[in-house]
Amino acid sequence: MEFRKPLSLKLALACALAVAFPASQIEAETCISPYVKALKSPEKVMYLWALPATPGEAPDFLAVIDVNLASPTYGKILKKVEVGSAGNEAHHIGYTDDRTKIWAASLNTSRLFIFDVSDPMNPVLSKTIDNVAQLTGLSGPHTPYAIPGRILVSMASGPNGTGPGGIAEFTNDGKFIKSHPATNNPYETVVKPEFNRMITSTWFPQETWMKPLSEWDPKTWSHPNTLLVWDLKERKIIQTLDSGGDAVMLAARWMLKPGAKYGYNISSGGNSIWMFKMEDDGTFSYKKAGDTGPGCSPADLRQSPDDKYLYVSCFVGSEIQAWDISDPEHIRLFDTIQGVVQPNMMHVTYDGRRLYFTNSAISSIDYSSRYSMQLVQIGPDGRMKLDPNFKIDFARAPEGPARPHDMLLN
Amino acid sequence: MRPVLLRLCLMCALCAAVPAGVAQSPSEHAVSANPSLAVIARAPEFVLQDTTGKPVRLSDYRGRVVLLAFVFTTCPGVCPLISKQMAALQDGLKRDGLFGRKANMLSVTVDPETDTAPVLTAYAKTYGADPAGWRFLRETQEKTKPVLKAYDEWTKLLPKGELDHPARVYLIDHNGNIREIYSLAFFNERQALIDMKKLIAEPGAG
């Protein structure tokens, strides 16, 4: 009988197909401030913030890499913009809200560098802020994060490299506005504007990473098992989320769907993934969502544009994990790429189809000098495959020897 | 059959829109009653013209709080929404007896060639802008450029002919300091009203 009603059947089929095969895949830049002007087309250029393999031997630099598939120089470094000083320990970079500038943070000297990328293929170092600790009362800048017209920099420690840090706020062109003290050692800042909430994660103070790994002392770290929830408008900490054990809460990610009140972070010390969620009364719950396995030592956490997958780089475990988070409260390990040496920072493209990764963390803990940047292709089914045709070898000249860390696309 | 199909479709639509276990309701926690409004920078002075050709200086508003938006009338994205939200803010300021007296709004076009005075006048009318406290400003392209540059604003023609520009709104206090910068995409008029009232309550304002 149903087949005699073609209109109804068509309607039912259309509904089913709409769910199974959405008209267009969800495209969104991930792991970048929502205030940043979005990239809505395939990437043409990558900016890589790197340091020489022997720290202090030469200036840190921003590499401009051709990632335009149609280009004859695809996969090649087009230029390196040096910062004019050495020993900075290049680490994380972030765009300003209008995508015309890149802020580059350096862990050891606390210097902040501003690159003008108005002409995307020709970045220019437009400003260096030398006296960051003096200006802000904080040290060890980790991640620059855009808010409208300004940059928030998560600073790991107090002015002498010890104790709790905070968030330093600057104008886009580098004028210091104000510091906001934290109770831990801020690693990263992530904002959900529609809820006026900011989450900051934590790692350890500057004096820690400037020592050899064997001398690290967790007793000097400030609340390394906490995330802080802030009222963004008030710049005020309103809740501390405590894992009760798992420590070194590195990358944190809000889910991207409008109205999504939850996200995840990795615990490097606990080899785990944690879920934070804003409940209906406005308070946050916090619970362990997954185990990455012993020996993973998660270094970075990335997400797909459709909130279906998380990607975890296992710095010690030498693998990249894809987690299916379609059921947010019950996430599961979905796929892995094994045998990649000390993977660290990752960057997922706006269409969720490519994942670039580098393999230097910080010079005091890198355990392999086989530095490189590689590419993972992600299929429509979410499965990952290492791209055999893309590898930049930073272990030797002409590209290196250099330690590649954070990346941005344009 | 129809009700069944309807239920099926509704279920499909809901499954697609809402992941399991995720609330979608708007949050009442989105605004802050006690915003931190640190001095960000001096608001650069400018002289532009209103839609009647009368010169308007930013410093004319010293002693009052100003919300300054950079828009253009053919903007397909967030500009129409921000103008609608500013209309709602106008209503809120009027309700509180602040509009035009202690709080003013200025919308500056970044595309003066298209946004002639008559075009801007019609646009302002569309949103019910009351010139007693909300004025639309323009100048020649040549005279607009330095104003945009001073506010770190710019325009760029995209391949499909659309105009791109940084999507920001500036809140300026009675002393001419920028105290907040909003993203057009995440502008919340309830929060802006709270922010403006906080600045108005500061000594020397109004």
Side-chain angles (χ1 to χ4, degrees), chain A residues 1-2 5 8-9 11-12 14-20 22 34-35 37 96-100 118 147-150 169 171-173 175 177-178 180 191-197 231-236 255 257-262 277-282 307-308 325-330, chain B residues 1-2 4-42 151-154 156 158-159 164-171 178 180-188 191 194-195 198:
Chain A
M1 290 299 285
E2 288 166 63
K5 295 177 178 174
S8 303
L9 181 66
L11 189 61
C15 289
L17 286 170
V19 174
Y35 297 110
K37 206 170 261 299
T96 52
D97 61 341
D98 64 354
R99 221 183 174 94
T100 62
S118 308
I147 59 172
R150 287 151 290 171
E169 186 169 346
T171 60
N172 278 355
D173 57 0
K175 292 185 192 75
I177 300 171
K178 200 174 180 181
H180 312 286
V191 168
K192 192 75 170 168
E194 58 265 46
F195 301 134
N196 180 36
R197 290 293 177 264
D231 180 314
L232 175 65
K233 281 290 294 184
E234 284 197 47
R235 307 287 196 271
K236 184 182 167 188
M255 291 300 99
K257 279 196 180 77
K261 297 180 174 179
Y262 66 102
K277 183 178 174 187
M278 188 166 84
E279 303 294 345
D280 290 343
D281 65 356
D307 290 351
K308 283 186 183 166
I325 55 168
S326 309
D327 182 352
E329 308 267 356
H330 304 96
Chain B
M1 191 62 203
R2 272 200 176 151
V4 173
L5 273 175
L6 187 65
R7 275 203 294 273
L8 177 67
C9 280
L10 263 173
M11 205 170 72
C12 291
L14 284 170
C15 286
V18 187
V22 179
Q24 292 283 302
S25 60
S27 169
E28 69 271 27
H29 311 288
V31 293
S32 173
N34 185 29
S36 164
L37 299 167
V39 172
I40 296 167
R42 287 295 292 171
Y151 280 86
D152 196 20
E153 292 277 325
W154 45 262
K156 189 167 77 179
L158 296 175
D164 190 19
H165 76 117
R168 303 189 196 112
V169 179
Y170 297 80
L171 178 61
I178 297 172
E180 180 59 294
I181 307 172
Y182 306 97
S183 151
L184 291 194
F186 297 103
F187 187 79
N188 181 324
Q191 184 66 61
I194 293 168
D195 296 351
K198 183 169 180 181

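Values reported hereafter were calculated over all heavy atoms of this structure, with side chains retained and with hydrogens, waters and symmetry mates removed. Throughout, protein chains are lettered first and strands after them, A, B, ... in sequence-line order, and every chain is numbered starting at 1.
Residues B:Ser36 and A:Lys178 meet the side-chain proximity criterion, which asks for heavy atoms closer than 4.5 Å. With contacts defined as side-chain heavy-atom distances shorter than 4.5 Å, the pair A:Ser118/B:Trp154 does not qualify. Taking 4.5 Å as the limit, some side-chain heavy atom of A:Thr171 sits within range of a side-chain heavy atom of B:Ile40. Put simply, the side chain of A:Asn172 reaches to within 4.5 Å of the side chain of B:Asp152, judged on heavy atoms. Side chains of A:Lys37 and B:Asp164 form a contact here, defined as non-hydrogen atoms less than 4.5 Å apart. You'll find the side chain of B:Leu37 reaches within 4.5 Å of the side chain of A:Lys233, heavy atoms only.
Counting all heavy atoms, side chain and backbone alike, A:Asn196 lies closest to B:Ala30 at CB-O, 3.2 Å. The two residues B:Asn34 and A:Glu234 make their nearest non-hydrogen contact at O-CG, 2.8 Å.
Heavy atoms closer than 4.5 Å to chain A are found nowhere in B:Asn188, neither backbone nor side chain. Using a 4.5 Å cut-off between heavy atoms, B:Glu153 makes no contact with chain A at all.
Taking CZ of B:Arg168 as the reference point, atom CZ of A:Arg150 lies at 9.5 Å (rounded to 0.5 Å). Annotation: the span from A:Tyr35 atom OH to B:Tyr182 atom OH amounts to 11.5 Å, rounded to 0.5 Å.
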